[in-house]
**Student:** 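For reference, the structure I am asking about is given below.
Heavy atoms only: backbone and side chains are in, while hydrogens, waters and symmetry mates are out.
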Amino acid sequence: MTIVTQNRKCILGKVINAEMILSDMGKIVNDEFLRSFDIRNELFLCEYIIMPNHLHTILEIRNPGPVKSDGRPIQSTGNSNPHGPVADPDGPIVDMNDRSYQPSRPIQSTGNSNPHGPIADQDGRPGLPVRLPKSISSFMAGFKSAVNSKIDDYIDEYQLKIPKYNRNNHFFQPNYHDHIIRNDFEYHRIARYIRQNPLKWNQDTLSSD
């Protein structure tokens, strides 16, 4: 996974003699990142590096099984499916980015068909995305929120003349890049890239130099 500061600002530290030196804000990010793994039993940290304007990491989700949108486990029916578990009829539709969509309730026909299909449920509400618990997206949201709060406390403590971070002024970019590692060769290649990132900072596409 890779997350990047807003506008790629190099505020997490500097690379000096091929070594990453964290700034005060970088130290806050480091502390909150490691704390995330202390409070989330489903996460295991394999590798990470904080760079001047981004963070690379390899992490593992040890999820005991599929869950509903409220966190309750989906009970097995005892019938194996070669294509994976059957969707829970009371649960959400889950996409590949850990986001779920609670299906809208059916709309009663008024006799006027819409060639584009229904656009809302009977109360006028569309099916909205729901963040699944114990997922990458849930972890990232919690981590980024904690960083915003701690950085804001730092700004107050030292009376810095810079804007605080909130929904309209993100410390990190709202999105993140993720990739599923599928074999040992790929793991070692990416782990080596992460460890050597400070050595190759000047060639990094995220470098502002």
Side-chain angles (χ1 to χ4, degrees), residues 1-63 71 97-99 128-179 181 190-209:
M1 291 185 59
T2 299
I3 56 175
V4 184
T5 58
Q6 190 76 320
N7 300 318
R8 298 188 176 187
K9 291 183 178 179
C10 294
I11 52 180
L12 302 180
K14 296 180 179 180
V15 175
I16 301 175
N17 296 326
E19 181 182 357
M20 179 61 194
I21 307 299
L22 294 176
S23 65
D24 287 344
M25 289 187 180
K27 291 176 182 177
I28 291 173
V29 169
N30 185 72
D31 289 346
E32 292 306 315
F33 186 71
L34 295 179
R35 187 173 290 115
S36 297
F37 295 89
D38 290 335
I39 65 177
R40 294 178 172 86
N41 294 331
E42 72 277 8
L43 294 180
F44 181 79
L45 178 61
C46 302
E47 300 277 351
Y48 84 104
I49 185 71
I50 295 176
M51 297 298 290
N53 61 3
H54 64 281
L55 183 157
H56 290 305
T57 185
I58 297 176
L59 58 86
E60 178 183 349
I61 293 186
R62 296 175 174 176
N63 197 324
N97 293 316
D98 301 323
R99 292 184 295 266
L128 298 177
V130 178
R131 183 177 291 117
L132 292 178
K134 297 187 176 182
S135 64
I136 290 294
S137 58
S138 178
F139 154 61
M140 291 305 303
F143 166 63
K144 290 179 178 180
S145 177
V147 167
N148 280 357
S149 296
K150 293 295 184 179
I151 295 291
D152 283 353
D153 291 343
Y154 176 81
I155 292 173
D156 286 339
E157 181 179 357
Y158 291 94
Q159 300 181 353
L160 302 181
K161 303 300 182 182
I162 60 175
K164 286 192 173 184
Y165 296 96
N166 50 48
R167 292 179 180 271
N168 299 318
N169 182 37
H170 298 279
F171 186 83
F172 286 111
Q173 294 179 7
N175 295 323
Y176 56 89
H177 172 76
D178 60 353
H179 170 75
I181 297 176
I190 295 174
R192 183 170 58 252
Y193 172 83
I194 289 175
R195 294 172 195 149
Q196 295 180 349
N197 221 221
L199 290 170
K200 301 180 178 180
W201 170 238
N202 290 334
Q203 290 82 45
D204 197 309
T205 57
L206 291 172
S207 172
S208 60
D209 296 337

**Student:** Quick one: side chain to side chain donor-acceptor pair (under 3.5 Å) partners of Asn17, sequence neighbours excluded?
**Tutor:**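 Not a single residue meets the side chain to side chain donor-acceptor pair (under 3.5 Å) criterion with Asn17.
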**Student:** Taking C-beta and beyond as the side chain, do Leu132 and Lys134 meet within less than 4.5 Å on heavy atoms?
**Tutor:**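 Side chain of Leu132 against side chain of Lys134, heavy atoms only: no contact under 4.5 Å found.
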**Student:** Considering only heavy atoms from C-beta outward, does the side chain of Pro52 approach that of Lys14 to under 4.5 Å?
**Tutor:**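 Answer no - side chains too far apart.
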**Student:** Output a table of donor-acceptor pairs, distance under 3.5 Å, between side-chain atoms of residues 167-174 and any protein atom two or more places apart or on a different chain; print 'none' if there are none.
**Tutor:**
from   : atom 1 : to     : atom 2 : distance (Å)
Asn169 : ND2    : Lys164 : O      : 2.7
His170 : NE2    : Arg167 : O      : 2.9
Gln173 : NE2    : Thr5   : O      : 3.4

**Student:** Not counting sequence neighbours, which residues clear side chain to side chain contact (heavy atoms under 4.5 Å, CB included) with Gln196? List them please.
**Tutor:**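 Once residues adjacent in sequence are excluded, the partners of Gln196 under the side chain to side chain contact (heavy atoms under 4.5 Å, CB included) criterion are Arg192, Leu199, Lys200.
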**Student:** Please name all residues satisfying side chain to side chain contact (heavy atoms under 4.5 Å, CB included) with Tyr48, sequence neighbours left out, ordered by chain then number.
**Tutor:**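 With neighbours one apart ignored, the set is Asn30, Phe33, Leu34, Leu45, Ile50, Thr57.
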**Student:** CD1 of Ile181 to SG of Cys46: how many Å apart, nearest 0.5 Å?
**Tutor:**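 If I round to the nearest 0.5 Å, the distance is 7.5 Å.
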**Student:** Establish, yes or no, whether a centroid distance under 6.0 Å links the rings of Phe143 and Phe37.
**Tutor:**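 No, too far apart.
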**Student:** A quick test of your reading: do over 12 heavy atoms of other residues, nucleotides or ligands sit less than 6.0 Å from NZ of Lys144?
**Tutor:**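 Count over threshold, so yes.
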**Student:** Mind checking what makes side chain to side chain contact (heavy atoms under 4.5 Å, CB included) contact with Tyr154, not counting sequence neighbours?
**Tutor:**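 With neighbours one apart ignored, the set is Asp24, Met25, Ile28, Tyr158, Leu160.
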**Student:** Which pair of non-hydrogen atoms, one from Pro198 and one from Ala18, has the smallest distance, and what is that distance?
**Tutor:**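 Looking at all heavy atoms of both residues, the closest pair is CB-O, 3.4 Å.
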**Student:** Is the closest side-chain heavy-atom distance between Lys9 and Asn53 below 4.5 Å?
**Tutor:**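 A side-chain contact is absent here, since even the closest heavy-atom pair is not under 4.5 Å.
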**Student:** So, taking the atom named CD1 in Ile162 and the one named CG in Asp152, what distance separates them when rounded to the nearest 0.5 Å?
**Tutor:**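 Nearest 0.5 Å value for the CD1-CG distance: 9.0 Å.
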**Student:** Just how far is it from atom CG of Leu22 to atom NZ of Lys27, taken to the nearest 0.5 Å?
**Tutor:**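 Interatomic distance, Leu22 CG to Lys27 NZ, rounded to 0.5 Å: 7.0 Å.
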**Student:** Measuring from Ile155:CD1 to Lys161:NZ, what's the distance to the nearest 0.5 Å?
**Tutor:**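 Reported to 0.5 Å precision, the distance equals 12.0 Å.
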**Student:** Taking atom CD1 of Ile136 and atom CE of Met1, what is their separation to the nearest 0.5 Å?
**Tutor:**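 CE of Met1 is found 5.0 Å from CD1 of Ile136.
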**Student:** Taking only residues two or more places apart in sequence, or in another chain, which ones meet Gln6 in a side chain to side chain donor-acceptor pair (under 3.5 Å)?
**Tutor:**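 For Gln6, no residue satisfies side chain to side chain donor-acceptor pair (under 3.5 Å) once neighbours in sequence are set aside.
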**Student:** One pair to check against side chain to side chain contact (heavy atoms under 4.5 Å, CB included): Met140 and Asp178. What are the steps and the verdict?
**Tutor:** CA-CA 11 Å; Met140 291 305 303; Asp178 60 353; over 6 Å; no
**Student:** Not counting sequence neighbours, list each pair that qualifies as a salt bridge (Lys or Arg N to Asp or Glu O under 4.0 Å) and has a residue in residues 30-39.
**Tutor:**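 Non-adjacent pairs meeting salt bridge (Lys or Arg N to Asp or Glu O under 4.0 Å): Glu32-Arg35.
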**Student:** Look up atom CE in Met51 and atom CG in Asn197, then write down how far apart they are to the nearest 0.5 Å.
**Tutor:**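 So the gap between those two atoms works out to 4.5 Å.
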**Student:** With side-chain contact (heavy atoms from CB on, under 4.5 Å) as the test, pick out the partner of Val29 among Ile11, Leu55, Ile3.
**Tutor:**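 The passing option is Leu55.
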**Student:** Measuring only between side-chain heavy atoms, which start at C-beta, is Ile21 closer than 4.5 Å to Val15?
**Tutor:**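 No, too far: nothing below the 4.5 Å cut-off.
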**Student:** What pairs with Ser149 under side chain to side chain donor-acceptor pair (under 3.5 Å), at least two apart in sequence or on another chain?
**Tutor:**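 Side chain to side chain donor-acceptor pair (under 3.5 Å) check on Ser149 returns nothing, list empty.
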